[in-house]
Every structure is written in structure tokens, then in C-alpha cells.
Amino acid sequence: MTIPSFGVGTFRLTGQTVIDSVHNALDVGYRAVDTAQIYGNEAEVGLAIAESGVPRADLFVTTKIWTDNYAKDKLIPSLRESLEKLRTDYVDLTLIHWPAPGNGVSLPEFMEALAEAKAQGLTRQIGVSNFNIALTQQAIDVVGKGQIATNQIELSPYLQNHKLTAFLNAQDIAVTSYMTLAYGKVLKDPVLEKIASKHHATVAQVALAWALQLGYAVIPSSTKRENLCSNLLAKDLKLDADDMALIANLERNGREVNPEGLAPEWD
């Protein structure tokens, strides 16, 4: 995998809350931080990183281009603004946040602009988020095989997305799982509770370990230091074949995020 398997997310966190979350995450051992232009928190994330004392070379920072900035004359300037807010000369990964098929900018236009951002050294790697199979293939056709580092998609025990993840694996595109806990819905699942009890683990650790064992990267967020520490322990939790089979049966197409006008037709 060309991206870290475990990072901290910052979706819906702003102001001092996101500063504290990133501070704590870096302090307890996280080295990957995921943000986005639309989160409105890049400056706070940049401040937390600067104050952490962790060398920039040890960090993996991801941001995402918002739909307003997809046009070829806007994408790179918007990324430069993001870099200023993040207090860095480059990010490690830049993603197209949503395919937004109806926003008037063609996929080739924004993928070419994203590739140019990489060529200029503004981002080390490029990728996509919330793309279905057809759109991911179109993106590959524009920038070339091996150029897309990841597709960041909603995945949880309740939304396992087998077709899309199989396609991404076949293309050697890393899968990044967001919303792995399904807005906390999986935390009350009796099957996951039973598995967690068996391993003396938390349900969140079980859900994250499930994703990690399938080869996915995860980016859970938390405002609580103890939860950030606890989530990180999922890296050491080894689920057995029976556990994985039980979780496989939890699939219910339980999608939590599907914004009209931004989302594709899901596979």
C-alpha cells in the first residue's frame, strides 16, 4: 500500500476541537491526517501539525479538492491555498472529493488538473473519493494506470461494497474506508459485541480491524484522547476466519452518505 493504513480523520471537526483532536492523535502515535477543503478546518489542522513538533517528513497529510474548484483554472490555485492553510509546501495525497457529475466540469478536465498538481510537486500522490467503478476507470484512462493511489469510499460492516473493492484491488488502487463505524451504528451490533467480548476488545476496534484485515486503510476520527488511543490498538487485533465470516454476513447496503448531485450511481 502506498498510503498509511491508519490515519486520523477530521470530518465535522472545527475550531479548537479539531486542533485538540489532531494534537492528541499525533501525540499518541498517529502519523497520517485526513482533511478536505470543504471541512473548513485546514488552517486549524495546519496549526496543530506545526505545534506538534513532529517533523513534516514523518507525516502523511491528505486533503481533498472541493467541487467548486474542479475547473482547470481553479484546481491548482485552490490547492496552493490549502497548502498555505496547512503550513506546508506539499501534501502527500490530494483527492477529488466527489465525482459531482452535474457540476459542469468534465472528469478529464479535473483529473488532468490534478495530475498537473502532482507534476508541479504540490502533492506527492493523487486519488479520488466516492467514485464508482465506471468513474474510477475513466479516471485511470485519463491519468494512466498506477497513478491513482486510492479511492476513499464509505465502507463499514453494514456497507461492504464488494464489487467496487474487488475492482480497486484488481487495479492496484488502495481502498481507504471512511465511516467505518457507520456514524456509530455498528457499535451496538450484537454480533460485533460478541466478537469484541471474545477478544477483550471494543466494538470499534473490531470494526476497524475488520477493515484493516481486508487490506483497507482507515481514518477514524474522535474528539476524545482515550478513543484515539483505543482505536489505534485495532492495528494489533487479529480477527480469525470465523470472526470475518460473521462480519461478512452483516452486509445490508447501509449507506450513510449519499448527497444528491455529488454522488455517482453506486455499483
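On a predicted model such as this, the values are computed, not experimentally measured, just so you know.
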Handout entry: Residues in side chain to side chain contact (heavy atoms under 4.5 Å, CB included) contact with R87, at least two apart in sequence or another chain
Key = L47, A50
Practice task
Report the residues that fulfil side chain to side chain contact (heavy atoms under 4.5 Å, CB included) with S106, sequence neighbours left out, ordered by chain and then residue number.
Solution key: P108, E109
Donor-acceptor pairs under 3.5 Å, side chain of residues 110-122 to any protein atom, not counting sequence neighbours: which ones?
unit_1	atom_1	unit_2	atom_2	d
E116	OE2	Q120	NE2	2.9
K118	NZ	Q147	OE1	3.1
Q120	OE1	R80	NH2	2.9

Exercise for the section: With the side chain counted from C-beta on, respond yes when I247 and L239 share a heavy-atom pair under 4.5 Å apart, and no when they do not. Expected result: yes
Problem - hydrophobic_cluster_shared for I195 and L233, side chain cutoff 4.5 Å - result: no
Exercise for the section: For D240, enumerate each residue passing the side chain to side chain donor-acceptor pair (under 3.5 Å) test, keeping only those at least two apart in sequence or located in another chain. Expected result: K198
Practice task
Identify whether Y183 and V186 are in the same connected component of the hydrophobic contact network (ILVMFWY, side-chain heavy atoms under 4.5 Å).
Solution key: yes
Exercise for the section: Applying side-chain hydrogen bond (donor to acceptor under 3.5 Å, both in side chains), run through E42 and S82 and close with a yes or a no. Expected result: CA-CA 7 Å; E42 288 174 315; S82 292; 2.9 Å; yes
Practice task
For the pair S78 and Q37, evaluate side-chain hydrogen bond (donor to acceptor under 3.5 Å, both in side chains) and give the outcome as yes or no after the intermediate values.
Solution key: CA-CA 9 Å; S78 82; Q37 292 176 341; 3.1 Å; yes
Fill in the blank from the handout: In terms of heavy-atom contacts, A211 and T180 come closest through CB-CG2, 4.0 Å
Completion exercise
Sorted by chain and residue number, the ring-ring contact (aromatic ring centres under 6.0 Å, His included) partners of Y178 (sequence neighbours excluded) come out as none
Exercise for the section: Working to the nearest 0.5 Å, report the span between CD1 of I19 and CD1 of I49. Expected result: 11.5 Å
Handout entry: Nearest non-hydrogen partners of S156 and Q160, listed with the distance
Key = O-CG, 3.5 Å
Practice task
Could you check if a side-chain atom of W98 sits within less than 4.5 angstrom of a side-chain atom of F131, using non-hydrogen atoms only?
Solution key: no
Problem - Minimal non-hydrogen separation, A196 against V206, with atom names - result: CA-CG2, 3.6 Å
Exercise for the section: Check step by step if side chain to side chain contact (heavy atoms under 4.5 Å, CB included) holds for F60 and L93. Expected result: CA-CA 8 Å; F60 191 99; L93 176 64; 3.7 Å; yes
Exercise for the section: Identify, with sequence neighbours excluded, every residue that meets side chain to side chain contact (heavy atoms under 4.5 Å, CB included) alongside T14. Expected result: none
Handout entry: Sequence neighbours excluded, every pair satisfying salt bridge (Lys or Arg N to Asp or Glu O under 4.0 Å) that has a member inside residues 257-267
Key = none
Exercise for the section: Over all heavy atoms of both residues, which pair between S21 and V8 is shortest? Give the atoms and the distance, please. Expected result: OG-CG2, 4.5 Å
Handout entry: Quiz item: cation-pi between R56 and Y90, 6.0 Å / 45°
Key = yes
Exercise for the section: Indicate yes or no: at least one non-hydrogen side-chain atom of Y216 is less than 4.5 angstrom from one of T165. Expected result: yes
Handout entry: Side chains of L107 and P99 in contact at under 4.5 Å (non-hydrogen atoms)
Key = no
Handout entry: Considering all heavy atoms, the nearest P157-A207 contact
Key = CG-CB, 4.2 Å
Practice task
Would you please say whether a donor-acceptor pair under 3.5 Å links the side chains of T35 and N41?
Solution key: yes
Practice task
Quick one: pull up CG in L26 and CG in L59 and give me the separation to the nearest 0.5 Å.
Solution key: 6.0 Å
Exercise for the section: Look up atom CG in N231 and atom CD in E226, then write down how far apart they are to the nearest 0.5 Å. Expected result: 10.5 Å
Practice task
Please name the pair of heavy atoms, one in S221 and one in G9, separated by the smallest distance, quoted to 0.1 Å.
Solution key: CB-O, 3.0 Å
Handout entry: Which residues share a salt bridge (charged side-chain N to carboxylate O under 4.0 Å, His left out) with R252, sequence neighbours left out
Key = D189
Fill in the blank from the handout: Only one of I38, L75, I76 passes side-chain contact (heavy atoms from CB on, under 4.5 Å) with I65, and that residue is L75
Problem - Check against side-chain hydrogen bond (donor to acceptor under 3.5 Å, both in side chains), T150 and T176 - result: CA-CA 7 Å; T150 192; T176 301; 2.8 Å; yes
Handout entry: Listed partners of H23 passing ring-ring contact (aromatic ring centres under 6.0 Å, His included), at least two apart
Key = none
Handout entry: V257 vs P259 side-chain heavy atoms within contact, under 4.5 Å
Key = yes
Practice task
Would you check if V45 and L13 make a side-chain contact, meaning some heavy-atom pair closer than 4.5 Å?
Solution key: no
Practice task
Quick one: do L168 and I153 satisfy side chain to side chain contact (heavy atoms under 4.5 Å, CB included)? Show the steps, please.
Solution key: CA-CA 11 Å; L168 295 172; I153 53 176; 4.3 Å; yes
Fill in the blank from the handout: Exactly one of N169, L155, V175, N151 clears side-chain contact (heavy atoms from CB on, under 4.5 Å) with L164, and that residue is N151
Fill in the blank from the handout: dist S177:OG -> I219:CD1 (nearest 0.5 Å) comes out at 7.5 Å
Exercise for the section: Nearest 0.5 Å please: distance from the CD1 atom of I3 over to the OG1 atom of T62. Expected result: 7.0 Å
Handout entry: Q152 and K64: CA distance, side-chain angles, deciding distance, side chain to side chain contact (heavy atoms under 4.5 Å, CB included) verdict
Key = CA-CA 10 Å; Q152 185 179 122; K64 310 177 198 78; 3.1 Å; yes
Practice task
State the CZ-CG distance between R255 and L159, to the nearest 0.5 angstrom.
Solution key: 4.5 Å
Practice task
Decide if atom CG of D58 counts as having more than 12 heavy atoms of other residues, nucleotides or ligands within a radius under 6.0 Å.
Solution key: yes
Handout entry: Pair R225 + D27, salt bridge at N-O below 4.0 Å
Key = yes
Handout entry: Set of ring-ring contact (aromatic ring centres under 6.0 Å, His included) partners for Y39, sequence neighbours left out
Key = F11, H97
Handout entry: Counterpart residues, side chain to side chain contact (heavy atoms under 4.5 Å, CB included), relative to K235 (two or more places apart)
Key = F6, L212, L232
Handout entry: Atom NZ of K188: over 12 foreign heavy atoms under 6.0 Å
Key = no
Problem - Side chain to side chain, V61 and V91, heavy atoms closer than 4.5 Å - result: yes
Exercise for the section: Give every residue pair that meets the side-chain hydrogen bond (donor to acceptor under 3.5 Å, both in side chains) criterion with at least one member in residues 205-214, sequence neighbours excluded. Expected result: Q205-S230
Exercise for the section: Would you check if L237 and H199 make a side-chain contact, meaning some heavy-atom pair closer than 4.5 Å? Expected result: yes
Problem - K85/E44 ion pair, N-O < 4.0 Å - result: no
Practice task
Mind running side-chain hydrogen bond (donor to acceptor under 3.5 Å, both in side chains) on W266 and N161 for me, showing each step along the way?
Solution key: CA-CA 9 Å; W266 301 109; N161 235 324; over 6 Å; no
